[in-house]
Amino acid sequence: MPTPDSAKAKKKFALSWGHLRSSTTYKTAGLAVAALVIFFAGVGVGNGSIFLHGVSNDANKNLPNTLDYGTVTQVYNLLKTHYDGKLDATKLLDGMKIGLASATGDPYTQYFSKDEAQKFNEELSGSFTGIGAELSLDADGNLIVQTPIKGFPAEKAGLRAQDIIVSIDGTTTSGMSVDKAVSLIRGPKDTKVALRILRDKKADLTFTITRDQITVPSVNWQMLDGGVGYIAVTQFNEDTTNLMNQAGRDLKDQGAKSILLDLRGNPGGLLSAAVDMAKMWLPQGKTIVQEKRGGTVTDSYTSDGGGLFNGMKTAVLIDAGSASAAEIVSGALRDNNVATLFGVKSFGKGSVQQIQNLPDGTEIKITVARWYRPNGQNIDKKGISPDHEVKMTDDDYKQKLDPQKDAALSFLQNQ
């Protein structure tokens with residue numbers, strides 16, 4: 001039986017989206033439910049062996065070594081003989097693999113066809129064609145906008161986090177997977193897609209959005225008044241660590257005395273990028289995050305000291321779109337008492353995924369562990385509450401006001 005390509009480096013993802021990038025890559029970090037996908041659209045996870053550091057899952061030790069495929073073959077033969085239509089062998093095989101992954105009941109464990117895997121890896125590079133939004137499924141199975149990406153068509157059109165997508169170009173989303181929604185929303189540049197939206201479970205709205213090429217550097221920064229260096233991180237990609245180091249050097253050269261880190265709408269991404277970012281604030285030997293499988297610690301990440309922002313007053317902005325890897329960083333800085341959090345409660349995604357590359361170019365993303373904050377808490381389905389809750393009203397959105405950012409700036413400037 002063929003085995004996955006073990007020569008490729010393992011990566012862990014901490015993503016909150018189900019994935020359209022499908023959606024955070026051990027490619028590792030914190031992917032949140034959802035196929036959080038960036039329709040941007042879309043995002044991701046990592047590659048490697050299904051076993052995490054050699055720790056097997058005892059909960060599954062009584063499963064048979066192989067499955068009985070007799071009835072599966074029976075169903076196939078019945079379809080082949082009696083189905084009134086043309087069947088595709090590749091799609092049938094993909095359907096069986098999708099079924100195995102979905103049978104776990106875990107929205108973050110997913111099988112990706114060859115095309116889906118290719119799209120996922122393209123999106124990790126930060127460039128794709130879409131509307132610039134991350135998708136997910138809520139607790140009721142509704143397709144929702146997890147985060148509209150700042151500066152791109154979805155946000156410009158007025159989409160908001162937690163908007164429920166009722167239909168796409170007239171096709172109902174009831175029972176629709178995130179991947180299917182992403183495939184419908186994506187399309188050539190300058191074409192349009194119509195989304196019917198239910199906002200706050202009462203306002204019925206329709207948005208017609210023009211697709212565009214989405215190229216998003218994961219980190220942007222600038223100097224603000226009062227010696228505050230502002231850094232906005234949209235997700236944790238392959239470029240995040242280098243861009244964060246550039247941002248740190250540039251802001252310190254400009255005389256930054258404090259840092260405002262904006263993780264709002266950040267669905268997560270590579271765990272390695274989240275760990276590298278947290279290290280920039282922490283003295284040596286501080287816990288950043290632990291991974292546990294069952295009750296066993298399988299990995300522990302600690303700081304090595306000497307970070308660019310060590311000792312600098314810091315505020316972190318979070319909201320309902322901050323997930324997974326973004327929650328790892330927020331929790332690490334808060335629990336180690338080096339930052340104060342502003343905004344509203346984060347998404348709440350506390351599991352770790354790895355991507356397994358299969359020989360035929362397909363991939364499977366598997367939840368292999370749960371991650372825990374330095375204070376011992378797993379935030380799955382709970383989120384992280386800010387030190388200072390600051391909400392955004394409808395008028396704030398309409399007038400393009402940002403009371404969350406203003407509150408954090410006031411805190412830093414008055415220190």
Side-chain angles (χ1 to χ4, degrees), residues 14 16 24 29-30 32 219 228-233 235-236 240 244 247-248 257-269 271 273-292 300-305 307-352 370-391 403-415:
S16 85
T24 257
V219 182
V228 177
Y230 173 76
I231 304 174
V233 185
Q235 64 189 61
F236 292 81
T240 303
M244 279 296 298
K257 299 175 183 177
S258 60
I259 297 295
L260 176 53
L261 178 63
D262 193 342
L263 297 180
R264 292 176 296 180
N266 184 319
L271 178 61
V275 170
D276 288 344
M277 184 182 294
K279 287 179 179 180
M280 298 180 75
W281 276 268
L282 297 173
Q284 187 172 6
K286 296 294 183 180
T287 298
I288 296 170
V289 66
Q290 284 190 328
E291 290 176 17
K292 292 183 181 180
S300 185
Y301 299 87
T302 58
S303 56
D304 47 20
L308 282 168
F309 301 135
N310 193 347
M312 294 182 70
K313 194 74 177 181
T314 298
V316 180
L317 295 173
I318 59 173
D319 66 6
S322 305
S324 206
E327 292 172 301
I328 288 175
V329 173
S330 301
L333 300 190
R334 181 187 189 186
D335 293 350
N336 284 295
N337 300 312
V338 298
T340 302
L341 307 188
F342 289 79
V344 296
K345 184 184 290 187
S346 63
F347 183 86
K349 195 273 187 179
S351 58
V352 180
R370 312 287 164 176
W371 58 259
Y372 288 76
R373 292 166 54 183
N375 68 2
Q377 293 181 0
N378 177 270
I379 57 83
D380 205 40
K381 299 179 178 64
K382 298 177 182 178
I384 298 175
S385 296
D387 299 292
H388 301 279
E389 185 178 57
V390 185
K391 296 181 179 180
Q404 295 172 337
K405 185 177 178 181
D406 292 343
L409 276 173
S410 177
F411 168 80
L412 294 172
Q413 291 167 344
N414 292 328
Q415 297 303 307

Quiz prompt | Test side chain to side chain contact (heavy atoms under 4.5 Å, CB included) applied to Val329 and Phe236, step by step | solution = CA-CA 11 Å; Val329 173; Phe236 292 81; 3.8 Å; yes
Practice problem: Kindly indicate, with the supporting measurements, whether the criterion side chain to side chain contact (heavy atoms under 4.5 Å, CB included) is fulfilled by Arg334 and Val316. | Solution: CA-CA 9 Å; Arg334 181 187 189 186; Val316 180; over 6 Å; no
Practice problem: Tell me, with the steps shown, if Val344 and Gln404 meet side chain to side chain contact (heavy atoms under 4.5 Å, CB included). | Solution: CA-CA 9 Å; Val344 296; Gln404 295 172 337; 4.1 Å; yes
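Among pairs with a residue in residues 373-383, those fulfilling salt bridge (charged side-chain N to carboxylate O under 4.0 Å, His left out) read Asp335-Arg373, at least two apart in sequence or across chains.
Minimum heavy-atom separation, Lys279 to Thr302: CE-O, 3.5 Å. Of all heavy-atom pairs spanning Ile379 and Gly350, the tightest one is CD1-N, 3.8 Å. The shortest heavy-atom contact between Gln377 and Asn375 is N-OD1, 3.0 Å.
The side chain to side chain donor-acceptor pair (under 3.5 Å) check on Tyr372 picks up nothing, with sequence neighbours excluded. For the side chain to side chain donor-acceptor pair (under 3.5 Å) test, no residue two or more places apart in sequence or in another chain qualifies with Asn336.
Residue Met244 holds its CE atom at 6.0 Å from CG of Leu261, rounded to the nearest 0.5 Å. For the atom pair CD1 (Ile259) and OH (Tyr230), the distance works out to 12.0 Å, reported to the nearest 0.5 Å. Within the model, atoms CG of Leu282 and CG of Asn310 stand 7.5 Å from one another, a figure rounded to the nearest 0.5 Å. Remark: Ser330 OG to Met277 CE distance equals 9.5 Å, nearest 0.5 Å. Taking NZ from Lys313 and OG1 from Thr340, the interatomic distance works out to 5.5 Å, rounded to the nearest 0.5 Å. We find the CG-CG distance between Leu341 and Asp387 to be 5.0 Å, quoted to the nearest 0.5 Å.
Aromatic ring orientation, Phe342 versus His388: parallel (interplanar angle below 30°, classes split at 30° and 60°).
For the pair Glu327/Trp371, a side-chain contact is recorded, criterion being any heavy-atom separation below 4.5 Å from C-beta on. Inter-residue side-chain proximity for Thr314 and Val338 is flagged as unmet; no heavy-atom pair is nearer than 4.5 Å. At least one side-chain heavy atom of Ser351 sits under 4.5 Å from a side-chain heavy atom of Arg370. You'll find the side chain of Phe309 stays beyond 4.5 Å of the side chain of Leu333, heavy atoms only. Using a 4.5 Å heavy-atom threshold, the side chains of Asn378 and Lys292 count as separate.
Side-chain atoms of Ser346 come within 3.5 Å of backbone atoms of Ile384 as a donor-acceptor pair (strictly under, hydrogens ignored). A side-chain donor-acceptor contact under 3.5 Å links Ser303 to the backbone of Pro283. Ser322 places a side-chain N or O within donor-acceptor distance of the main-chain N or O of Asp319, the cut-off being under 3.5 Å.
Heavy atoms of other residues, nucleotides or ligands lying less than 6.0 angstrom from NZ of Lys286 number 12 at most.
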